[in-house]
Asks: 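Handing you this structure, nothing more for now.
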Amino acid sequence: MARFFFDLTENGIPYPDTEGTELANLAAAEDEAARALFEIVKDQMPGGTFRQVAFQDHDGTSISLFEVKVTCEVTRAAHSDDRPLEA
């Protein structure tokens, strides 16, 4: 087992992981990071139109092992408004 640290960045704001998580290997760490990011985006989708979250993973040193990033952006057409479309 190895300890992996998942430093979260959300909309440009860093949140360092000071505890880390023990996982079997690098592939398990990549899977865990991807799963966690999708849960963050799904559970806390903002009312706004843009959200970017990323994990920068390291092994307790300053050397990055990998990054997993999710970006969600909603762009309305210039002619759209808040009215529902008529059938």
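Excluded from the calculations below are hydrogen atoms, water molecules and symmetry mates; all remaining heavy atoms, backbone and side chain alike, are included.
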Asks: To check you understand the geometry: which heavy-atom pair defines the closest contact between Ala24 and Ala28, and what is its length?
Replies: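 Looks like N-CB, 4.3 Å.
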Asks: Closest heavy-atom contact between Ala33 and Val68?
Replies: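 That closest heavy-atom pairing would be CB-CG2, 3.9 Å.
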Asks: Looking at CE of Met1 and CG of Leu23, how far apart are the two atoms once the value is rounded to the nearest 0.5 Å?
Replies: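 That separation rounds to 6.0 Å.
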Asks: Using every non-hydrogen atom in the two residues, find where Tyr15 and Glu10 come nearest and quote the distance to one decimal.
Replies: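 Scanning both residues, the minimum pair turns out to be CE1-CB, 4.1 Å.
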Asks: Going by heavy atoms in the side chains, are Gln52 and Lys69 under 4.5 Å from each other?
Replies: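 Side chain of Gln52 against side chain of Lys69, heavy atoms only: contact under 4.5 Å found.
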Asks: Rounded to the nearest 0.5 Å, what's the gap from CZ on Arg35 to CD1 on Ile40? Could you check?
Replies: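 It is 13.0 Å, given to the nearest 0.5 Å.
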Asks: Who pairs with Arg3 by side chain to side chain donor-acceptor pair (under 3.5 Å), at least two apart in sequence or on another chain?
Replies: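 Counting only residues at least two positions away or on another chain, Arg3 forms a side chain to side chain donor-acceptor pair (under 3.5 Å) with Glu22.
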Asks: Side chain to side chain donor-acceptor pair (under 3.5 Å): which pairs involve residues 59-68, sequence neighbours left out?
Replies: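 Pairs touching residues 59-68 that pass the test: Gln56-Ser64, Asp59-Thr61.
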Asks: Going by the side chain to side chain contact (heavy atoms under 4.5 Å, CB included) test, name the single residue among Thr9, Val70, Thr71 that passes it with Val53.
Replies: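 With Val53 as partner, Thr9, Val70, Thr71 yield a single side chain to side chain contact (heavy atoms under 4.5 Å, CB included), made by Val70.
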Asks: At what distance, to the nearest 0.5 angstrom, does CG of Leu65 lie from CZ of Phe4?
Replies: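 Here the interatomic distance stands at 6.5 Å.
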Asks: Hey, are the side chains of Leu8 and Ile13 touching, using non-hydrogen atoms and a 4.5 Å cut-off?
Replies: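 When only atoms from C-beta onward are counted, Ile13 and Leu8 do not touch, as no gap falls below 4.5 Å.
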Asks: side-chain contact (heavy atoms from CB on, under 4.5 Å) for Leu26 and Phe66? Distances and angles first, verdict last.
Replies: CA-CA 9 Å; Leu26 186 60; Phe66 64 87; 3.6 Å; yes
Asks: Could you pull out all residues at least two apart from Phe55 that satisfy ring-ring contact (aromatic ring centres under 6.0 Å, His included)?
Replies: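 Scan of Phe55 (ring-ring contact (aromatic ring centres under 6.0 Å, His included), adjacent residues dropped) gives Phe6.
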Asks: Distance-only, no hydrogens or angles: does the Asp7 side chain make a donor-acceptor pair with backbone N or O of Asp17 under 3.5 Å?
Replies: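 Yes; judged by distance alone, with no hydrogens or angles, the pair exists.
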Asks: Once rounded to the nearest 0.5 Å, what's the spacing between atom CG of Asp31 and atom CG of Asn25?
Replies: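 Between atom CG of Asp31 and atom CG of Asn25 there are 8.5 Å.
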